[in-house]
Amino acid sequence: MKERCAGHNLQRRRRNAASALLLLALAAALAVWLAWGNTALTVNRITVRSARIPAGFDGFRIAQVSDLHDAEFGENNEKLLALLAECEPDIIVITGDLIDANRTDIDQSLDFAEGAAEIAPMYYVTGNHEGAIMEYWILREGLTAAGINVLTDRACRLSRGGDTLLLAGLDDPNFATSEDIAEGFPAMIEKKLAHITEGYDGYTVLLAHRPEYIGSYAAGGADLVLSGHAHGGQIRLPFIGGLAAPGQGLFPKYDAGLYTVGGTDMIVSRGLGNSIFPLRINNRPEIVLITLERE
C-alpha cells in the first residue's frame, strides 16, 4: 500500500513538473513573440488611385513615418534608416510624435531625422507630444537646420514632370490658441485649411496627426490625408482591429490603413513606437509606403 501511494505521489510530481515546464515554455514563447512584434519593422505598401492626381505624379512614392516616440531600431536607428532607403521614396513625411513627452530625447530624434533627410526630401508636422513639451522649439530649429520642411499650418508646391501638387501640413491641436479652442477644433481645422489652400484647386496631400478629424479635412478640400496618432489601436484583435486609440476610445473607427470619406482618402499609419502603454500586441511597427497612381 505504501509503495502504491509513493508511486502515485511520484507520478503526480512528474505531472506537475511537466506542467510547470510547459507553462515556462509558453511564457518564454510569448515573451519572444511580444519582443519580436515590437521591434520587427515592416513596410505597409498602399496605392492611392485618383483621376485628380497630376500625370507628372503618377508613380510618385511617399514614405510615411509616424509616432516614433523616441524609439530606436538598431544603433542610431540604422535598421529604420536602412528600410527607409530600401523603399526608394521620392519624399519622406513625418506625421507627428517624433518625440515622446514622457522621455524626450531631442538629440536622438534629430539624429534620425538628419539620417532620413539624406535619403529623400523630408516634410514634418507636429503631433500631440510635441505640443506637450517646452523644448519643442529646440527640435524645430534642429529640423529646420537639417533642411527638413516643417509645415506649420502652411503648404508648399511640389513639382514633377511639369505638374504641381500641394503638400499641406497642420499643427497639432495641442498648439491651438485660446481663440482656436473657443471656436472648436473642427471649425479651426476647416478655417486653417481654407487659408492654406486658398487659390489652389489641384490635388492636395495633407499631413495631419489626428485621424479623428477626417470630416474637417474632407470639408477643407484635402484629397489625401496622412495621419497617425492611433498606434493601430495598440492591441489588434483578429477580425476586429484596434482595441483603443486616443481621441477615438474603444474599437476606433480609424486605426490603420486606407479610408475614404466623401472624395477624401485618408491613410492612418500604425506608427513605430509606444508611449504610455509600453507594448504593441499583434501590431508590428511600420513604415507606410504610398504610391500615387493616376486613373
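One is the number of the first residue; the rest follow in order along the sequence.
- Remark: side-chain polar atoms of Ser109 are paired, donor with acceptor, to backbone N or O of Asp105 under 3.5 angstrom.
- No continuous path of ILVMFWY side-chain contacts below 4.5 Å connects Val268 to Ile287, so the two sit in separate hydrophobic clusters.
- Arg157 contributes no side-chain N or O that, together with a main-chain N or O of Thr164, makes up a donor-acceptor pair within less than 3.5 Å.
- In this structure, Ile53 and Arg294 approach most closely via the heavy-atom pair O-NH1, 2.5 Å.
- Screening residues 231-243 for side chain to side chain donor-acceptor pair (under 3.5 Å), with sequence neighbours left out, gives Asp67-His231, His69-His231, His231-Gln234, Gln234-Asn274, Arg236-Asp255.
- Taking each heavy atom of Ala208 and Val225 in turn, the nearest pair found is CB-CG1, 4.5 Å.
- Side chains of Ile92 and Ile119 form a contact here, defined as non-hydrogen atoms less than 4.5 Å apart.
- Ile290 and Leu158 end up in the same hydrophobic cluster when Ile, Leu, Val, Met, Phe, Trp and Tyr side chains are linked at under 4.5 Å.
- A donor-acceptor pair is defined here as one N or O able to donate and one able to accept, closer than 3.5 Å; no such pair exists between the side chain of Asp97 and the backbone of Leu68.
- Salt bridge status for Lys192 with Asp153: present, with a side-chain N to carboxylate O gap under 4.0 Å.
- We find the CD-NE2 distance between Gln248 and His229 to be 8.0 Å, quoted to the nearest 0.5 Å.
- The neighbour count for Glu183 CD, taken as heavy atoms of other residues, nucleotides or ligands under 6.0 Å away, is above 12.
- Between atom CD1 of residue Ile99 and atom CZ of residue Phe112 there is a gap of 14.0 Å, rounded to the nearest 0.5 Å.
- The shortest distance between side-chain heavy atoms of Leu279 and Asn38 falls below 4.5 Å.
- Heavy-atom neighbours of Glu78 CD from other residues, nucleotides or ligands within 6.0 Å: above the threshold of 12.
- Under a 4.0 Å N-O distance rule, the pair Arg49/Glu295 does not qualify as a salt bridge.
- Glu72 places a side-chain N or O within donor-acceptor distance of the main-chain N or O of Asn76, the cut-off being under 3.5 Å.
- For Asp100 (side chain) and Asn102 (main-chain N/O), a donor-acceptor pair under 3.5 Å exists by modelled atom type.
- Residue Leu26 holds its CG atom at 11.0 Å from CG of Leu21, rounded to the nearest 0.5 Å.
- Checking side-chain atoms of Thr177 against main-chain N and O of Asp180 turns up a donor-acceptor pair under 3.5 Å.
- If you take CD on Glu86 and CG on Leu81, they are separated by 11.5 Å, rounding to the nearest 0.5 Å.
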(request) Could you please spell out the steps behind the side-chain contact (heavy atoms from CB on, under 4.5 Å) verdict for Ile235 and Arg280? (result) CA-CA 6 Å; Ile235 298 170; Arg280 292 167 166 262; over 6 Å; no
(request) Run the numbers on Met266 and Leu258 for side-chain contact (heavy atoms from CB on, under 4.5 Å), then give the verdict. (result) CA-CA 6 Å; Met266 178 174 70; Leu258 176 64; over 6 Å; no
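- With Gln108 contributing its side chain and Asp70 its backbone, the two residues share a donor-acceptor pair below 3.5 Å.
- When side chains are defined from C-beta on, Thr264 does not count as touching Leu224, because their heavy atoms never get closer than 4.5 Å.
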(message) Let's go through Asn174 and Arg210 carefully: what are the C-alpha distance in whole Å and the side-chain angles of both, what is the deciding distance for side-chain hydrogen bond (donor to acceptor under 3.5 Å, both in side chains) to 0.1 Å, and is it a yes or a no?
(response) CA-CA 11 Å; Asn174 265 10; Arg210 305 194 195 204; 3.3 Å; yes
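- Hydrophobic clustering (side-chain heavy atoms under 4.5 Å, transitive across Ile, Leu, Val, Met, Phe, Trp, Tyr) keeps Val261 apart from Val205.
- Considering all non-hydrogen atoms of both residues, Ala230 and Tyr254 come closest at CB-O, 3.7 Å.
- For Ile196 against Ala168, the heavy-atom pair with the smallest separation is CG2-CB, 3.9 Å.
- Looking at heavy atoms from C-beta onward, Arg61 lies in side-chain contact with Leu289 at the 4.5 angstrom threshold.
- Taken to the nearest 0.5 Å, the CD1 atom of Ile106 stands 9.5 Å off from the CG atom of Leu143.
- Listed for the Asp163 side chain is no donor-acceptor partner under 3.5 Å among the backbone atoms of Pro54.
- The side-chain heavy atoms of Arg270 and Asn283, taken from C-beta on, include a pair separated by under 4.5 Å.
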(request) Go through the steps to decide whether His209 and Ser227 satisfy the test side-chain contact (heavy atoms from CB on, under 4.5 Å), and finish with yes or no. (result) CA-CA 5 Å; His209 184 61; Ser227 292; over 6 Å; no
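- A salt bridge (Lys or Arg N to Asp or Glu O under 4.0 Å) check over residues 20-39, counting only residues at least two apart or in different chains, returns nothing.
- In the hydrophobic cluster analysis, where Ile, Leu, Val, Met, Phe, Trp and Tyr join through side-chain heavy atoms closer than 4.5 angstrom, Tyr123 is grouped together with Leu292.
- Judged purely by atom type and a 3.5 angstrom limit, Glu190 has no side-chain atom pairing as donor or acceptor with the backbone of Ala187.
- Annotation: side chain of Tyr213 is in contact with side chain of Pro173 (closest heavy-atom distance under 4.5 Å).
- Side chains of Leu167 and Leu151 form a contact here, defined as non-hydrogen atoms less than 4.5 Å apart.
- In this structure, the side chain of Thr204 engages the main chain of Gly202 through a donor-acceptor pair within 3.5 Å.
- Applying side-chain contact (heavy atoms from CB on, under 4.5 Å) to Tyr124 and the options Thr152, Asn149, Leu139 leaves one that passes, Leu139.
- Residues Thr291 and Val48 are not in side-chain contact: their nearest non-hydrogen atoms beyond the backbone lie 4.5 Å or more apart.
- Atom-to-atom distance recorded for Ile214:CD1 and Asp265:CG is 8.5 Å, nearest 0.5 angstrom.
- Linking ILVMFWY side-chain heavy atoms closer than 4.5 Å, directly or via other members, places Val125 and Val288 in a single hydrophobic cluster.
- A side-chain contact (heavy atoms from CB on, under 4.5 Å) with Ser66 holds for exactly one of Leu226, Leu272, Ile267, Thr95; it is Thr95.
- With respect to Arg52 and Asp223, a salt bridge is recorded, a charged nitrogen being found less than 4.0 Å from a carboxylate O.
- Within a 6.0 Å sphere centred on CD1 of Ile276, other residues, nucleotides and ligands contribute 12 heavy atoms or fewer.
- For Tyr217 against Leu170, the heavy-atom pair with the smallest separation is CE2-CD1, 3.9 Å.
- When all heavy atoms are compared, the tightest approach of Leu250 to Ala244 is CD2-CB, 4.1 Å.
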(message) Let's go through Phe73 and Leu83 carefully: what are the C-alpha distance in whole Å and the side-chain angles of both, what is the deciding distance for side-chain contact (heavy atoms from CB on, under 4.5 Å) to 0.1 Å, and is it a yes or a no?
(response) CA-CA 10 Å; Phe73 296 89; Leu83 191 58; over 6 Å; no
